[in-house]
Amino acid sequence: EELLSGKETYIIPIRNQLKQYASTVAKKLRHELNNQKIATQRRFRAAIVLAEFVAVQDKAVWTDDVLQFVATELVSENPEYQPILRAALHPIHTNLLPYLLQLFGDSSATEEQRLGAANAVVEWAPKEIERLVDLISIATPRQFPLIYPLVESQRSPEVIRQLHQM
C-alpha cells in the first residue's frame, strides 16, 4: 500500500525490495494501471513499478493510452519530485519520449507541465540535436534556457544551418 500511496522517495526502494516477486506483483499492478476507476496517483505509481518489472517492448502493457497517461502524470507531479520519478521511469523513457515531446509544445498544457516535459527531454534526449533544434522554435521563455545550451554545446555546421533556417 505504501508503494501506491506513500511518499515519492519510497517508490524506488520499495520497488527494489519487490523485484524477487516481480511476476506476481506485475500481475496485480497491471490491473491497477488499467483500472480507470481508481485514483490517478495509484495508477501512476503502478506504472512506475511496472517500468522496472515489464519489458519496454510489451505492447499489452505499454499502450498509447497508458504512455500518454504516464507522461501527463509525470509532468503534472510536483516539480521537486520529478527527478526521482524520471529516474524510476527511466526503463521506459524511450517509449515516453514521443508523448513528452508532444506535451513540450502543447498549448493546452500548463506552463508547469510544459516545463516538466522540457526537463524530461533534456534528461532523456540530450544528444538528439535535431529534435532539440526543432523544440527551440516552439519553446516557451522558461523552456528555452533548458534546451538552447544543449544545442549550443554541440554546434556543428549542420546545427548552425538548421538554426539559420528557423
Side-chain angles (χ1 to χ4, degrees), residues 1-30 32-34 38-106 109-129 131-132 135 139-140 142-151 153-154:
E1 190 59 32
E2 187 68 25
L3 178 65
L4 297 177
S5 60
K7 294 182 179 183
E8 287 82 354
T9 53
Y10 297 164
I11 295 170
I12 293 176
I14 293 172
R15 182 178 72 181
N16 290 343
Q17 292 295 315
L18 293 173
K19 277 185 185 178
Q20 61 185 330
Y21 310 106
S23 62
T24 304
V25 171
K27 183 183 282 187
K28 179 182 182 332
L29 292 179
R30 284 180 187 181
E32 294 273 338
L33 176 60
N34 293 312
I38 64 173
T40 301
Q41 180 185 23
R42 290 180 69 85
R43 292 182 63 219
F44 181 56
R45 299 290 178 82
I48 292 170
V49 177
L50 289 169
E52 181 72 27
F53 293 173
V54 176
V56 68
Q57 303 88 355
D58 189 336
K59 299 294 183 193
V61 173
W62 306 120
T63 65
D64 287 337
D65 288 344
V66 165
L67 292 168
Q68 181 67 56
F69 166 76
V70 172
T72 302
E73 288 306 307
L74 170 63
V75 301
S76 299
E77 286 284 330
N78 182 329
E80 183 179 341
Y81 296 117
Q82 287 182 24
I84 295 167
L85 299 170
R86 285 194 304 271
L89 290 166
H90 190 267
I92 62 166
H93 79 279
T94 55
N95 289 14
L96 290 172
L97 203 51
Y99 301 93
L100 291 164
L101 291 168
Q102 178 186 5
L103 285 164
F104 182 98
D106 185 350
T110 68
E111 181 63 27
E112 290 305 314
Q113 288 173 318
R114 291 183 74 179
L115 190 58
N119 280 311
V121 168
V122 164
E123 183 173 326
W124 288 341
K127 303 250 186 253
E128 295 188 31
I129 295 304
R131 281 186 176 173
L132 296 174
L135 294 178
T140 66
R142 291 180 65 200
Q143 290 171 313
F144 187 86
L146 298 172
I147 301 296
Y148 187 75
L150 295 173
V151 173
S153 72
Q154 298 184 38

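The two residues Gly116 and Gln82 come nearest to each other via the heavy atoms CA-OE1, 3.3 Å. Gln113 approaches Ser76 most closely through the heavy-atom pair NE2-OG, 2.8 Å. Looking at every heavy atom in both residues, Leu96 comes nearest to Ala71 through CD2-N, 3.9 Å. Of all heavy-atom pairs between Ala88 and Ala51, the closest is O-CB, 3.9 Å. Pairing each heavy atom of Arg114 with each of Gly105, the nearest pair is NH2-CA, 3.4 Å. Across Leu89 and Ala47, no two heavy atoms sit closer than the pair CD2-O, 4.3 Å.
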Anything under 3.5 Å between a donor and an acceptor, one on a side chain of residues 117-127, the other on a protein residue two or more places apart or in another chain? List them.
unit_1, atom_1, unit_2, atom_2, d
Asn119, ND2, Leu115, O, 3.2
Glu123, OE1, Arg86, NE, 2.7
Glu123, OE1, Arg86, NH2, 3.2

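Among residues at least two apart or in separate chains, salt bridge (charged side-chain N to carboxylate O under 4.0 Å, His left out) pairs with a member in residues 51-60 are Arg15-Glu52, Lys19-Glu52, Arg30-Asp58.
Taking 4.5 Å as the limit, some side-chain heavy atom of Leu103 sits within range of a side-chain heavy atom of Thr72. In this structure the side chain of Asn78 never reaches within 4.5 angstrom of the side chain of Glu8, judged on heavy atoms. Counting only heavy atoms from C-beta outward, the side chains of Leu97 and Glu128 approach each other to under 4.5 Å. Residues Leu85 and Ile11 meet the side-chain proximity criterion, which asks for heavy atoms closer than 4.5 Å. Between Thr9 and Ile84 the shortest side-chain heavy-atom distance falls below 4.5 Å.
To the nearest 0.5 Å, atom CG of residue Asp65 and atom OH of residue Tyr99 are 8.0 Å apart. How far CD1 of Ile12 is from CD1 of Ile14: 11.0 Å, rounded to the nearest 0.5 Å. For the atom pair CG of Leu100 and CG of Asn95, the computed distance is 11.0 Å after rounding to the nearest 0.5 Å. For the atom pair Ile38 CD1 and Leu4 CG, the distance stands at 7.5 Å (nearest 0.5 Å).
Side chain of Glu32 to backbone of Arg42: no donor-acceptor contact under 3.5 angstrom is found. Proximity of a side-chain donor or acceptor of Trp62 to a complementary backbone N or O of Ala55 within less than 3.5 Å is detected. The backbone N or O of Ala87 lies less than 3.5 Å from no partner atom in the side chain of His90, so there is not a single donor-acceptor pair.
Residues satisfying the side-chain hydrogen bond (donor to acceptor under 3.5 Å, both in side chains) test with Gln102, not counting sequence neighbours, are none.
Checked for salt-bridge contact, Glu73 and Arg45 miss the test: no charged N lies under 4.0 Å from a carboxylate O.
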Q: Given side-chain contact (heavy atoms from CB on, under 4.5 Å), test Val61 with Val66 step by step and report yes or no.
A: CA-CA 8 Å; Val61 173; Val66 165; 5.5 Å; no
